[in-house]
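In what follows, a single structure is set out as structure tokens and then discussed.
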There are 2 protein chains.
Amino acid sequence: MVARVEKDVEPDGQTDEAQQAAKRRVALTRESILEAALRLCSPEGGGQLTFSRLGKELGADPTAVYRHFRDKDELVLALTDLTIQEGIDLARAALPDGPSDDWRAWLTVTSESVRASYLARPALAVLAAARTTASPAETHSVELLISVLHRAGLGVVEAAECYRSLLDLTLAMTQYTAAFSSLDPATQAKDEAAWAVKYATLPEEEFPLLHRSAPRLTELFRDDAEVFRMTLATFLDGVAARIERARQQRGASA
Amino acid sequence: MVARVEKDVEPDGQTDEAQQAAKRRVALTRESILEAALRLCSPEGGGQLTFSRLGKELGADPTAVYRHFRDKDELVLALTDLTIQEGIDLARAALPDGPSDDWRAWLTVTSESVRASYLARPALAVLAAARTTASPAETHSVELLISVLHRAGLGVVEAAECYRSLLDLTLAMTQYTAAFSSLDPATQAKDEAAWAVKYATLPEEEFPLLHRSAPRLTELFRDDAEVFRMTLATFLDGVAARIERARQQRGASA
DNA sequence: ACCTGAACACCGTTCAAGT
DNA sequence: ACCTGAACACCGTTCAAGT
């Protein structure tokens with residue numbers, strides 16, 4: 001009976017939200033806000049970052065966040081820093097210390113790690129992939145990537161250009177995938193149905209090649225990860241060709 | 001004095017909006033709506049597609065559009081069809097009739113044309129690049145692209161995979177650029193400043209390669225078109241390597 | 001048959017008022 | 001010093017009312 005009056009310890013789950021609010025009301029800090037915001041950006045957290053949801057998650061008035069971040073953009077930038085950092089840590093864990101000579105593995109792991117880190121929070125990927133924060137951790141990572149490409153045989157400037165291409169390719173395709181997966185399910189289904197119907201009803205005489213590759217294309221529609229892997233692999237084949245060309249040029253001039 | 005009462009013919013520009021409204025009130029059709037919407041999506045038209053702006057542009061109540069399109073998504077999809085169509089027409093004008101043997105020119109022109117067509121309406125690119133409409137014109141274009149790659153030496157399925165990679169690469173990087181250019185100028189400037197400061201103050205001992213390539217990287221920050229060209233070129237180098245490999249395999253098995 | 005205008009549930013953001 | 005809550009200018013969308 002007493003418990004029923006003291007809502008804070010009410011055990012029956014009826015006032016879940018209020019309980020959470022009470023629990024968290026003490027801890028409205030920059031860190032707790034960022035943590036809650038990251039949760040909201042994930043598919044499990046709803047996949048939408050808004051002030052009202054953030055307020056509810058924190059058990060505070062939505063506008064309380066403005067005491068810690070000047071506006072939504074500043075919040076998004078801070079979240080971007082954390083996500084990039086996580087991607088770099090992920091890559092570092094999968095790679096040997098210091099630069100190795102396997103430039104291809106290095107670039108693949110880095111790219112896939114950044115992608116994975118963003119895709120764990122599609123809502124953030126949509127908002128932030130095109131932004132740059134130039135954080136310290138990122139800078140070290142860039143120097144390392146360029147050094148890997150330089151040691152593989154590319155000139156410094158060409159290595160930097162390659163890094164830039166790879167970064168944009170990765171972030172762009174990640175944002176692209178995140179944007180589609182952030183659409184409401186009905187809209188996604190509409191697009192998918194359009195493709196399926198289309199490919200199923202192609203007259204073979206008019207579209208012989210499309211008809212033969214339709215099963216594979218339909219398969220790829222659902223599998224953004226596979227398309228990304230293919231695209232990245234082809235891009236890196238191109239980088240390999242450039243490295244080969246650079247070596248030959250150096251050989252000719254020597 | 002009389003003119004002052006009859007607002008419709010007032011010549012002094014004070015009731016510009018009302019005049020436009022009167023002029024266009026007759027022509028609220030699917031076509032006129034699409035035309036106005038495309039105008040709004042362009043940078044000159046404000047670069048934002050909303051019902052209220054659309055209503056103002058048409059001289060009608062914002063909700064009048066709902067008589068011609070079920071919701072915003074249906075409007076966006078119709079605009080996408082027009083934009084893709086324009087991109088294909090653009091490519092066709094720059095390419096010879098029927099498939100040629102210069103697969104590289106074919107792929108480059110097609111990709112750049114679709115990109116240009118979308119970037120003329122960044123607001124649409126942001127909303128629609130990840131969507132698919134599977135329009136008839138698009139289907140023909142896809143069959144042609146696959147045939148170009150197949151004639152170059154790739155197997156049918158591998159050609160289809162290459163087409164898919166190229167399409168995603170193009171649309172993703174286009175959306176990425178459009179997203180950044182759709183940010184308000186102050187935010188864009190913030191990002192740019194972050195980079196510039198960063199690169200200008202890199203200690204040479206700690207970041208020797210980054211220090212040497214900083215001028216080029218700074219240059220590329222402003223020039224999305226150049227980054228796209230570079231990335232596409234490297235990707236196509238990779239496609240060339242795959243074509244070569246496919247030819248060798250056919251030679252070995254023959 | 002088509003358009004208008006009030007209404008609703010959301011956005012981000014500001015600001016005076018509370019503690 | 002930090003939080004609340006009303007308010008504002010926007011979104012997309014619905015629906016009863018007009019013509």
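Residue numbers begin at 1 in each chain, while the letters A, B, ... track the order of the sequences. Side-chain atoms are counted along with the backbone in the values below, which use heavy atoms only and exclude waters and symmetry mates. All of these numbers come straight from a predicted model, not from anything done at the bench.
- Remark: Asp223(A) engages Ala225(A), Glu226(A) in a side-chain contact (heavy atoms from CB on, under 4.5 Å) (not counting sequence neighbours).
- By the ring pair (Phe, Tyr, Trp, His ring centres under 6.0 Å) test, His140(B) pairs with Phe207(A), sequence neighbours left out.
- Across dC11(D), dT4(D), dC11(C), the shortest atom-to-atom separation from the side chain of Gln48(B) is found for dC11(D).
- Taking the charged nitrogens against the carboxylate oxygens, Glu44(A) and Arg39(A) have no contact shorter than 4.0 Å, which rules out a salt bridge.
- Both key distances under 3.5 Å define a Watson-Crick or G-U pair, and stretches of 3 or more such consecutive pairs in DNA chain C run C:4-8 with D:12-16, C:12-16 with D:4-8.
- Set against dG5(C), dC3(D), dG5(D), the side chain of Asp61(A) has dG5(D) as its closest nucleotide.
- Using modelled atom types and a 3.5 Å distance limit, the side chains of Thr83(B) and Ser117(B) yield no donor-acceptor pair.
- Under the rule for a ring pair (Phe, Tyr, Trp, His ring centres under 6.0 Å), the partners of Tyr199(B) that lie at least two apart in sequence or sit in another chain are Trp195(B).
- For Asp73(A), the salt bridge (Lys or Arg N to Asp or Glu O under 4.0 Å) partners two or more places apart in sequence, or in a different chain, are Arg131(A), Lys190(B).
- With sequence neighbours excluded, the residues that form a side-chain contact (heavy atoms from CB on, under 4.5 Å) with Arg53(A) are Leu40(A), Gln48(A), Thr50(A).
- In this structure Ala134(A) satisfies the side-chain contact (heavy atoms from CB on, under 4.5 Å) test together with Lys198(B), sequence neighbours excluded.
- Here Phe51(B) pairs with Tyr66(B) under the ring pair (Phe, Tyr, Trp, His ring centres under 6.0 Å) rule; sequence neighbours left out.
- Atom NE2 of His68(B) is separated from atom P of dA1(C) by 13 Å (rounded to the nearest Å).
- By the 4.0 Å N-to-carboxylate-O rule, Arg164(B) lies too far from Glu161(B) to be salt-bridged with it.
- Under the rule for a side-chain contact (heavy atoms from CB on, under 4.5 Å), the partners of Leu82(A) that lie at least two apart in sequence or sit in another chain are Leu34(A), Leu38(A).
- Between the side chain of Ser182(B) and the backbone N or O of Ala179(B), no donor-acceptor pair lies under 3.5 Å.
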Quick one, give me the B/S/- string for nucleotides 12-19 of chain C, reading 5' to 3', where B means a protein heavy atom under 4.0 Å from the base and S means that only happens at the primed atoms, P, OP1 or OP2.
SBB-----
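- Using a 4.0 Å cutoff on non-hydrogen atoms, no part of residues 177-186 of chain B comes near DNA chain C.
- For the pair Arg53(A) CZ and dA9(C) C1', the interatomic distance rounds to 12 Å; values are reported in whole Å.
- Of the residues in residues 124-132 of chain A, none lies under 4.0 Å from DNA chain D by heavy-atom distance.
- A donor-acceptor pair shorter than 3.5 Å cannot be found between the side chains of Thr80(B) and Thr133(B).
- Between the CG atom of Leu54(A) and the C1' atom of dC10(C) there is a distance of 16 Å, given to the nearest Å.
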